[in-house]
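The chain is numbered in sequence order, starting from 1. When reading the values below, keep in mind they use all heavy atoms of this one structure, side chains included, and skip hydrogens, waters and symmetry mates.
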Amino acid sequence: MGRAAGGHPLFATVNRVVAERHGGRLIGPHQLIASPGTALNFYHAALSSCMVFGLYYGGQTTVTPRGPADHHTLVVTLQGQVTAVSQRSVSIGTPGSLLITRPSPDLRLTLVAGTAILGVRIPNETLQKQLTLLSGVRTVDFRPLSTKIEASPGTATVLALLRQVVGVFEVSRALPPALLGALEDSLLTSVLLNVPGEHVQVLTTSPPAGSRAVYEAAEMMNQLGEDCPPLQDLAGQVGISLRRLQAGFRNVFGVTPSQYLRNVRIDRVHEQLMSTARDATSVGELASAAGFNHLGRFSMDYRRRFGISPAETLRSEPKESKLLLPGEKPEGASSIR
């Protein structure tokens with residue numbers, strides 16, 4: 001096979017050390033054992049937080065993670081066979097089936113010669129936040145019932161979305177952030193719905209009427225930002241009392257409606273600071289446009305949320321922003337009172 005699974009190879013080698021280093025960037029640090037001269041092809045497509053990858057192993061290969069990882073790896077076998085062995089289970093991935101692993105030192109993957117796989121590395125935090133956004137329940141976790149799902153319409157759906165990502169990137173390597181986010185959301189939602197576990201029942205059970213109203217109010221806040229109506233009016237528009245709105249936000253998002261809206265507005269400024277030309281704006285202009293009339297208070301709230309001042313963000317080099325829900329804060333940052 002001269003092409004990596006699902007698309008053209010961005011990298012190909014017969015050097016085990018080079019393959020181990022390059023593959024580590026895609027699926028996480030690992031030890032790779034392969035026969036001398038084994039052809040190893042790699043393909044990758046980076047979304048907002050997830051990494052879609054295709055791998056082809058010309059000879060029998062063993063992959064052992066070097067340590068615990070903060071992500072799940074989902075792999076669809078296109079051809080050949082993948083055997084995943086851990087202390088608790090042995091799973092064999094055959095064409096069309098899906099393997100779900102959380103890399104750890106006791107996991108060993110063995111791939112027969114000629115195996116081609118297409119998969120995705122999903123940070124645990126990203127997966128959990130998508131689950132919370134879709135379900136509105138902060139206490140449910142992603143815990144698959146099994147490490148293997150046989151070929152089924154569900155696995156075919158996941159594979160189709162992986163192929164779609166590959167196809168989009170083959171058309172253009174420079175995709176706008178909005179499209180990357182939309183592709184990632186579709187893929188994450190498909191994974192959550194098609195990998196059996198307690199979370200599926202939570203996702204497919206209609207929330208109470210009060211919760212639906214809370215989600216509707218949150219969506220209005222996200223869309224309107226500083227133009228959002230007063231909370232009393234907002235509660236009336238979604239059909240519940242102000243007290244139920246306040247209690248619902250605490251239950252679903254862990255913050256009050258006022259805190260949620262303030263975080264939405266702060267996040268808008270943060271995104272602009274991260275993406276705007278450094279000589280084309282000022283913190284005061286952006287804060288004022290977002291409805292913050294007291295620059296000192298805004299700066300304090302911004303630092304509590306992101307652990308850095310808005311001025312420092314403006315001066316820093318552009319970098320990927322950590323995914324936050326409006327009701328959350330980064331590790332190490334203080335709570336917003």
Where the side chain of [X] meets the backbone of [Y], is there a donor-acceptor pair that is under 3.5 Å apart?
X      : Y      : result
Ser241 : Arg244 : yes
Arg297 : Phe292 : no
Arg16  : Leu32  : yes
Asn41  : Tyr56  : no
Thr77  : Val75  : no
Gln31  : Thr64  : no
Asn222 : Ala218 : yes

Nearest-0.5 Å distance that lies between atom [atom1] in [X] and atom [atom2] in [Y]:
X      : Y      : atom1 : atom2 : value
Gln60  : Thr110 : CD    : OG1   : 6.5 Å
Glu150 : Thr155 : CD    : OG1   : 9.0 Å
Tyr260 : Phe253 : OH    : CZ    : 4.5 Å
Leu234 : Leu261 : CG    : CG    : 8.5 Å
His22  : Leu55  : NE2   : CG    : 9.0 Å
Arg262 : Asp301 : CZ    : CG    : 4.5 Å

Is there side-chain contact between [X] and [Y], with heavy atoms separated by less than 4.5 Å?
X      : Y      : answer
Glu184 : Ser49  : yes
Leu224 : Pro229 : yes
His71  : Arg102 : no
Arg303 : Ile308 : no
Cys50  : Pro123 : yes
Leu78  : Leu159 : yes
Met221 : Phe249 : yes

* Report the residues that fulfil ring pair (Phe, Tyr, Trp, His ring centres under 6.0 Å) with His72, sequence neighbours left out, ordered by chain and then residue number. => Phe142
* Asked: Under the side chain to side chain donor-acceptor pair (under 3.5 Å) criterion, do Asn15 and Thr13 qualify, and how do the steps go?
  -> CA-CA 5 Å; Asn15 186 304; Thr13 184; 5.4 Å; no
Give me the atom names and distance for the closest heavy-atom approach of [X] to [Y].
X      : Y      : answer
Val214 : Gly248 : CG2-CA, 3.6 Å
Pro105 : Pro68  : CD-N, 3.7 Å
Val238 : Ala217 : CG1-N, 3.9 Å
Val14  : Ala39  : CG1-CA, 4.1 Å
Gln81  : Thr94  : OE1-CG2, 4.5 Å
Thr115 : Leu111 : CG2-CD2, 3.8 Å

* To do: Give the C-alpha distance, both sets of side-chain angles, the deciding distance and a yes or no for salt bridge (charged side-chain N to carboxylate O under 4.0 Å, His left out) between Arg66 and Glu20.
  => CA-CA 11 Å; Arg66 292 192 179 277; Glu20 186 177 277; 2.8 Å; yes
* To do: Would you tell me whether Thr147 and Ser91 have side-chain atoms, one donor and one acceptor, within less than 3.5 Å of each other?
  => yes
Tell me every residue that passes side chain to side chain contact (heavy atoms under 4.5 Å, CB included) with [X], counting only those two or more places apart in sequence or in another chain.
X      : answer
Thr256 : Arg250, Ser258, Gln259
Ser186 : Leu161
Ser146 : Lys148

* Apply the test side-chain contact (heavy atoms from CB on, under 4.5 Å) to residues Leu47 and Met51: give CA-CA distance (whole Å), side-chain angles for both, the deciding distance (0.1 Å), then the verdict. => CA-CA 6 Å; Leu47 299 176; Met51 177 73 75; over 6 Å; no
Mind listing the side-chain donor-acceptor pairs of residues 187-200 below 3.5 Å, one per line with the distance, residues two or more places apart or on another chain?
from, atom 1, to, atom 2, distance (Å)
Thr189, OG1, Gln130, NE2, 3.2
Thr189, OG1, Asp185, O, 2.8
Ser190, OG, Asn194, ND2, 3.2
Asn194, ND2, Ser190, O, 2.8
His199, NE2, Leu192, O, 3.0
His199, NE2, Val195, O, 3.0

* Does the side-chain contact (heavy atoms from CB on, under 4.5 Å) test come out yes or no for Phe42 and Leu26, once each step is laid out? -> CA-CA 9 Å; Phe42 302 86; Leu26 306 184; 4.0 Å; yes
* Asked: Would Gln164 and Leu183 satisfy side-chain contact (heavy atoms from CB on, under 4.5 Å), going step by step from the backbone distance to the final call?
  -> CA-CA 9 Å; Gln164 181 183 49; Leu183 288 170; 4.1 Å; yes
* Asked: Would Ser299 and Ser309 satisfy side chain to side chain donor-acceptor pair (under 3.5 Å), going step by step from the backbone distance to the final call?
  -> CA-CA 6 Å; Ser299 297; Ser309 74; over 6 Å; no
* Asked: Is it true that atom CD of Gln237 has more than 12 heavy atoms of other residues, nucleotides or ligands lying nearer than 6.0 Å?
  -> yes
* To do: Using a cut-off of 6.0 Å, state whether more than 12 heavy atoms not belonging to Arg268 lie near its atom CZ.
  => yes
With hydrophobic residues grouped by side-chain heavy-atom distances under 4.5 Å, do [X] and [Y] end up in a single group?
X      : Y      : value
Tyr57  : Val18  : yes
Leu145 : Leu107 : no
Val52  : Leu179 : yes
Met300 : Ile266 : no
Tyr302 : Leu295 : yes

* Go through the steps to decide whether Leu242 and Gln246 satisfy the test side-chain contact (heavy atoms from CB on, under 4.5 Å), and finish with yes or no. => CA-CA 6 Å; Leu242 177 59; Gln246 292 170 332; 3.9 Å; yes
* To do: Could you list who else is in Val85's hydrophobic cluster, with ILVMFWY side chains joined at under 4.5 Å, directly or through other members?
  => Val90
